[in-house]
Structure formats: C-alpha cells, structure tokens
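Scroll down for the structure; my scribbles are underneath it.
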Amino acid sequence: MFARSIVLVLACALAAPLDAQTSAPATTLFQNVRIFDGKAGQLSGPSYVLVRGNRIERISSTPIATDRRADTVVIDGGGRTLMPGLIDVHWHAMLIRSTPAQAIAGDVGYNNIAAGAEATDTLLRGFTTVRDVGGPSFGLKQAIDEGIVAGPRIFPSGAVITITGGHGDFRQLSELPRTIGGPLSRMEQLGGSAVADSPDEVRVRVREQLMQGASQIKLTAGGGVSSPHSPIDASTFTEEELRAAVEAAGNWGTYVTVHAFTPEAIQRAIAAGVKCIEHGFLMDEVTAKLIASKGVWLSPQPLPEELRQGFPAGSVQRAKADEVWPGIARTYELAKKYKIKTAFGTDVLFSQALAQQQGAILASLVRWYTPAEALVMATGTNAQLLSLSGKRSPYPGKLGVIEEGALADLLLVDGNPIENIKLIEDPAKNFVLIMKDGKIYKNTLPK
Ligand SMILES: [Zn+2]
C-alpha cells in the first residue's frame with residue numbers, strides 16, 4: 001500500500017505540470033497584444049484576440065467583452081507580440097535524437113519514446129507544426145494528436161521512397177541482391193524508407209504511405225550527401241517512375257515532393273508533375289526560371305556550417321557536403337531573383353543539439369531576407385505549402401496566420417521579433433506563452 005502510494009505520488013508529481021498546462025480552456029482572451037499575423041511585415045496596434053475551442057474567434061482593436069466564466073482564461077499581454085506558431089516544413093521527427101545505427105537497428109519502443117520527448121521540445125521551441133519528410137512518424141503523430149504526448153502537428157510523409165542505391169537506401173552491400181516481392185530490409189520494415197525500382201513498385205510504395213495517413217509523398221529524385229551509395233550528380237527515378245508517384249498521390253488528392261540537387265533531377269521531377277523541390281542547392285538559372293514559371297515550391301534550408309563539418313574530413317559524405325554547401329547561398333539568391341515560392345525548413349538529422357538551434361537556424365535567414373520576410377516564410381507562407389495536401393491535411397483549418405476562423409496556434413513573444421529576430425533563438429526565455437490547437441502548453445507570465 002505504502003509503495004503504491006509512493007508510485008502514485010511520483011506519477012502525480014510527474015504528470016501535474018503537463019496536466020496543468022494542457023488543460024483545455026473553452027475560451028482564452030488575449031488582451032493588449034500587438035499582432036504579427038503571419039502575412040504583413042509589421043505589427044498591429046494594441047489588439048484583443050478571443051480564442052474559443054481550437055479556433056481564433058475574434059480579433060479586435062477594442063476590448064472584447066467576454067463572459068467571465070471560471071473557465072475563461074484571460075491573458076494580459078502587456079503589449080507583447082502575439083504571432084502564429086512557427087512551422088518547419090523539412091523535419092524528421094523520428095531521426096533527431098537517435099544515431100543512424102540506433103534508428104535502423106535499435107529498439108523501436110525506445111526510438112518512439114525518444115522521438116516523443118523531442119516532439120515536446122519542438123513544441124516548446126514554438127514550432128507548432130512540422131512537415132515530416134521521411135521517417136516512421138505515424139505513431140508519434142497519433143500519440144500527439146490524442147494528447148498522450150505534447151508535440152507539434154505533424155504532416156507525415158511516412159517512408160522516403162528511393163531507388164536501389166539512391167538517397168535513403170541505407171542497406172549494407174551484404175543485403176544485396178534484393179528479390180522483388182521478397183523479404184523487406186530492416187529500414188523498410190520500420191517504415192523509414194522504401195525501395196522501388198519500377199513504376200509499379202513506386203505505385204505500391206506510394207499507396208502504402210497513403211494508406212497509413214501520409215499527407216504528402218516524398219521521393220528522392222537524385223543523390224544525397226549523407227547516403228553512402230548515391231553520387232550527388234545522379235538522377236535516380238526515371239520520369240515515368242516519378243509520374244507514377246505523382247499520379248497515385250494525385251488520385252488521393254495530394255502531392256509529391258522530391259529531394260533533388262541538380263538541374264537534371266529538378267527538371268525531370270517538374271516534368272513529371274512534382275509540386276515541391278527539397279534543397280535544390282545545385283540548381284542553375286534555367287532551372288530557377290523553370291521552377292518559378294511552373295509555380296513549383298522550393299523548400300531549401302539554411303543548413304548550418306557545423307553540419308558540413310560534422311561529416312568526417314576525408315569521407316565520401318564530406319566531399320559531397322563540400323560540393324553542395326556553396327550552393328545554399330546561390331539557391332537563396334536565385335529564389336529571390338526569380339520570386340520562387342520559397343518555404344522554410346531545417347532538415348536537422350541525428351542531433352539533439354542542432355535541433356535546439358531550430359529557431360536560430362530560422363533567424364539565420366536574415367543573410368537573405370528581412371526579419372519580417374523570414375517570419376512570414378516560417379508561418380503564413382509555409383502554411384500555404386502545407387495546404388497542397390488538400391483534404392489529406394490531418395488538420396482541417398487555416399494554419400500559420402492570425403485571423404478570425406484560423407486554428408489557434410499562437411506564441412506570445414516578450415518583445416518585437418520583427419525588430420529583433422534573435423528573440424526566436426531563445427524560445428525558453430522569450431516565448432512566454434505557447435498555444436497549440438487552443439490549448440496552452442506553456443505560460444510563464446506572472447500570475
Ligand atoms: Zn531531409
């Protein structure tokens with residue numbers, strides 16, 4: 001009995017803070033806030049925002065009269081900035097805290113619990129939505145959506161679909177040859193990536209992800225830096241194979257995004273009907289013009305230098321990184337020059353320390369953009385990319401903006417991030433309130 005009550009006390013002690021923070025008020029009223037709405041480059045005047053359930057119900061420049069029910073939470077913003085929750089459209093929720101070996105060969109339960117803890121940290125960094133572009137995140141997403149663990153909204157792709165030897169094929173050479181229709185490799189059993197070598201196989205793999213709830217499909221159209229066997233210059237899927245994926249996703253009401261660096265890989269993907277290019281770091285002027293003219297999305301990342309240096313000197317991966325990194329700045333310059341629809345993501349992999357820099361990586365966009373442009377990109381613009389999922393969006397409603405009727409994902413910032421974007425580098429200090437889906441997950445304002 002005694003032991004049992006200790007267990008209960010411990011359980012309550014652990015659960016209490018989260019329960020207290022996640023209790024869902026029917027109504028929250030933000031008073032005296034200045035709004036960055038995810039669209040305009042400046043703050044509003046003093047404003048009042050009423051959230052009911054999981055939606056923003058009313059925005060007003062004059063005080064909003066509300067029923068003073070006991071479950072109405074009134075937040076005195078004190079002139080602080082209210083902004084939409086941040087969005088990262090290139091995230092791998094299952095591949096942050098583990099090592100590559102742990103992700104493939106480690107215990108699945110452990111990996112999921114570690115990913116859950118990282119998801120909570122992600123939310124508490126102010127990222128209320130992520131687009132997961134590869135990894136078995138369906139279970140994590142379900143646990144978050146059910147309130148079992150605190151985390152961001154996840155737009156899952158499921159397994160990255162690759163060709164034999166392509167980016168995302170992390171098999172050992174000893175696992176070859178593959179028999180089509182034969183046993184799956186470990187990484188495929190886990191749902192991390194899926195190998196497909198014909199249009200028919202691509203269709204099967206795409207449909208398997210859609211069946212599990214993928215909101216979009218991710219293929220690798222060319223070689224990658226971190227994969228052991230794919231040269232950077234290689235174009236991998238044929239146009240016919242890419243078109244099979246686009247058709248299967250389109251029939252399901254959604255779209256395909258591809259990992260691609262080179263002009264050839266990008267152009268082939270666009271010809272096949274792909275709607276979004278990840279990275280694009282080796283593109284040229286002709287390709288940039290094509291992306292712009294076709295209205296295709298570009299999803300580059302301001303990858304930090306320490307990531308390049310993380311690949312051991314003299315390794316194949318380091319040589320590939322050295323080839324790709326100079327293209328990052330050029331890609332952003334081309335994206336600006338040709339007014340390409342550009343999204344923001346980080347592509348943090350296998351590093352909890354780097355994940356903690358998620359806001360700092362966003363702030364580093366000021367190399368090419370004003371703080372207001374960077375913040376619009378990571379909120380309202382990113383949400384437009386997410387909306388390509390159409391009815392396959394797991395979260396019907398508007399994200400990334402503060403407007404009446406939109407989903408209530410909100411950050412209260414102690415200061416003006418448009419004047420000082422460095423505020424988002426220290427979310428623990430400067431994001432004094434974090435709300436997702438109308439629920440307050442953090443509130444450090446004095447009571
Ligand atoms: Zn990635």
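Order of appearance sets the numbers: ligands from 1, and atoms from 1 within every ligand.
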N/O/S atom of His259 inside 2.8 Å of the Zn ion (ligand 1), strictly under: no
Donor-acceptor contact below 3.5 Å, side chain Asp132 vs main chain Ala93: yes
N/O donor to acceptor pairs below 3.5 angstrom from side-chain atoms of residues 364-374, sequence neighbours left out:
| residue | atom | partner | partner atom | Å |
| --- | --- | --- | --- | --- |
| Ser364 | OG | Ile361 | O | 2.6 |
| Thr370 | OG1 | Glu373 | N | 3.0 |
| Glu373 | OE1 | Thr370 | N | 2.9 |

Name of the Asp347 atom (N/O/S only) found closest to the Zn ion (ligand 1): OD1
N/O/S atom of His92 inside 2.8 Å of the Zn ion (ligand 1), strictly under: yes
Charged N-O contact under 4.0 Å between Glu241 and Arg203: no
Salt bridge (Lys or Arg N to Asp or Glu O under 4.0 Å) against Lys39, all qualifying residues, sequence neighbours excluded: Glu403
